[in-house]
Novice: 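Have a look at the structure that comes next, please.
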Amino acid sequence: MPKNTEHTLSGTTPRRRPKPEVLEIGGHKLKPSTLMMGHGYDPMLSEGALKPPIFLTSTFVFENAAAGKRHFEGVTGKRPGGAEGLVYSRFNGPDQEILEDRLGIWEDAEDALSFSSGMSAIATLLLSLVRPGDVIVHSAPLYAATETLIARILGRFGVSWLDFPAGATPEEIETVIAAAKAKGRVALIYLESPANPTNALVDVQAVRDVRDRLFAGEDEKPPIAIDNTFLGPLWSKPLRHGAELVVYSLTKYAGGHSDLVAGGVVGAKALLDPVRAMRNTIGTITDPNTAWMLLRSLETLELRMSRAGENAAKVCEWLRGQPQVDRVGYLGFLQPGSRQADIYQRHCDGAGSTFSLYLKGGEREAFAFLDALRIAKLAVSLGGTETLASHPAGMTHLSVPEERKRALDIGDNLVRISIGIEDPDDLIADFEQALRAIG
Ligand SMILES: *Cc1c(COP(=O)(O)O)cnc(C)c1O
């Protein structure tokens, strides 16, 4: 359904009739990259504008009093089915609704929600699920702010957690989930795959099997959520492997131009309804301008991610042959026959474009390399059109205790790289001169 029905500029009866959406042609289902150009938007409802306008408005006019009441019944959950139209911009707007329709397409998700940042998506999701005394089970490590949120912030409200390492075996996963179940109500199982910066993949299917087995016959099963920022939505589609809620920092590959901050959650409508209600309450939705920028970004998502992935494969292949390089932690180089390679085979369609470069030496060598880069920019974040490089031990993971840094293999010689869509030979030329500059 085109989502701008409420916003025709021509009053209560649209001047031009909406056109039916085309989702398939003669039984041939259209692909996400095709649908990104028009899905969820009908130009005829916005004066023929090819592209959706940015709807800058805080509130929406009701057709009549009864329609206003009906809208509120939907928003507040008094009537099942949700909002029929738009009410107020803290709840939703046309640009955000089009964005949400398109986000869901990539993973064949029933529903999707957009947020003001990846962290506000995660926080809203967690707040909608946890109660005092609950236990959260999570894979480790997680994005640092997510760990802070779970351990330090939710911890203040009597929520505890148990974790298993990202690369855990089904047996290890079972031990931890069973221990959590013995401890209290398990609010959710929260995963992040691949883990940063270890690149360890979580066996989502194993987590699902264990969850289903341990909670068989119970009224309430903890939902399985996963942060798919590093590989999604192109290279990993976790809903297919047993996850039920997929979380994104859209700031990264989805936004893709390092010019916005946003988040998303996709999954089944029944699971997203309480998250939407929490978002309505606390106002963590993305703004219309950012939603519009994301619509533009999604049109080139497949092109950008494909090119970045091809570039990364070339760069990593070149890097691993260099004398200054100790090893390259890249998903394309998993040991054939290993458990990680098995998970990769089952869960991933590509190795991504973010990897760990372990140089020979320590901080001096890593800094010399980073300071010599001329194309790649020295910045945290990932998934943009441009190549970025950073030093986890001295930057993103600076406050991680030494012991845990060692366990996670975050040495002073580690450089984290996110490859962009530049010419791959130019990138290799840049890395070549920077490696030589180490001396
Ligand atoms: C960046 C990131 C986040 C947080 O997203 P923001 O948009 O910065 O709030 C969460 N998870 C992962 C894996 C990330 O890379």
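One-based numbering, in listed order, for ligands and for the atoms of each.
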Novice: Any side-chain donor paired with an acceptor under 3.5 Å for Thr198 and Asp409?
Specialist: no
Novice: With heavy-atom distances below 4.0 Å as the criterion, list the atoms of ligand 1 near Phe230.
Specialist: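 Atoms satisfying the 4.0 Å criterion: 13 (C), 15 (O).
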Novice: Below 4.0 Å, non-hydrogen atoms only: which portion of Ser381 touches ligand 1? Side chain, backbone, both or neither.
Specialist: neither
Novice: Which residue and atom name correspond to the protein heavy atom nearest atom 4 (C) of ligand 1, and how close is it?
Specialist: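 Of every protein heavy atom, Tyr143 CE2, 3.3 Å lies nearest to atom 4 (C) of ligand 1.
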Novice: Testing the basics here: between Gly309 and Ser353, what is the closest heavy-atom pair and its distance to 0.1 Å?
Specialist: N-CB, 4.2 Å
Novice: Less than 3.5 Å apart, any donor N or O on the side chain of Asp227 or Tyr143 sitting next to an acceptor on the other?
Specialist: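 No pair is found: no donor N or O on one side chain lies under 3.5 Å from an acceptor on the other.
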Novice: What protein heavy atom lies closest to atom 9 (O) of ligand 1? Include the residue and the distance to one decimal.
Specialist: Met119 N, 2.8 Å
Novice: Do me a favour and list the nearest non-hydrogen protein atom to atom 1 (C) of ligand 1 with residue, atom name and distance?
Specialist: Lys252 NZ, 1.4 Å
Novice: Compute the centroid of each ring, for Tyr253 and then for Trp235, and state whether the two points are separated by less than 6.0 Å.
Specialist: yes
Novice: Any idea which atoms of ligand 1 are less than 4.0 Å away from a heavy-atom of Ala262?
Specialist: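 That gives atoms 7 (O) of ligand 1.
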Novice: Taking Thr229 for the side chain and Ser249 for the main chain, is one N or O donor matched with an acceptor at less than 3.5 Å?
Specialist: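 It does hold such a pair.
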Novice: If you count the atoms of ligand 1 from 1 in the order shown, which ones are under 4.0 Å from a heavy atom of Thr251?
Specialist: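 Those qualifying, in numeric order: 6 (P), 7 (O).
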Novice: Can you tell whether the side chains of Asp342 and Arg346 come within less than 4.0 Å, N to carboxylate O?
Specialist: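 Yes, charged N to carboxylate O under 4.0 Å.
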Novice: Select the closest option to atom 5 (O) of ligand 1 among Ala195, Ala254, Ser249, judged by heavy-atom distance.
Specialist: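 Result: the heavy atom closest to atom 5 (O) of ligand 1 is in Ser249.
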Novice: Which label fits His138 and Trp161: parallel for a plane angle under 30°, tilted from 30 to 60°, or perpendicular past 60°?
Specialist: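 Aromatic pair His138/Trp161 classed tilted.
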Novice: Is there a heavy atom in Ser120 that sits closer than 4.0 Å to ligand 1?
Specialist: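 Flag not set, Ser120 not near ligand 1.
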Novice: Output yes when the distance from some N or O of ligand 1 to some N or O of Leu382 is under 3.5 Å, and no in every other case.
Specialist: no
Novice: Arg279 versus Ser114: any side-chain heavy-atom pair under 4.5 Å?
Specialist: yes
Novice: Do any nitrogen or oxygen atoms of Val261 come within less than 3.5 Å of a nitrogen or oxygen of ligand 1?
Specialist: no
Novice: Among Asp227, Thr396, Ile122, which one puts a heavy atom closest to atom 11 (N) of ligand 1?
Specialist: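 The residue whose heavy atom sits nearest atom 11 (N) of ligand 1 is Asp227.
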Novice: Any donor-acceptor pair under 3.5 Å linking the side-chain atoms of Thr146 with those of Glu192?
Specialist: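 Side chains of Glu192 and Thr146: no pair found under 3.5 Å.
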Novice: For Glu192, take its heavy atoms, then give the atoms of ligand 1 lying under 4.0 Å from any of them.
Specialist: 13 (C)
Novice: Which of the numbered atoms in ligand 1 are under 4.0 angstrom from any heavy atom belonging to Ser117?
Specialist: 7 (O), 9 (O)
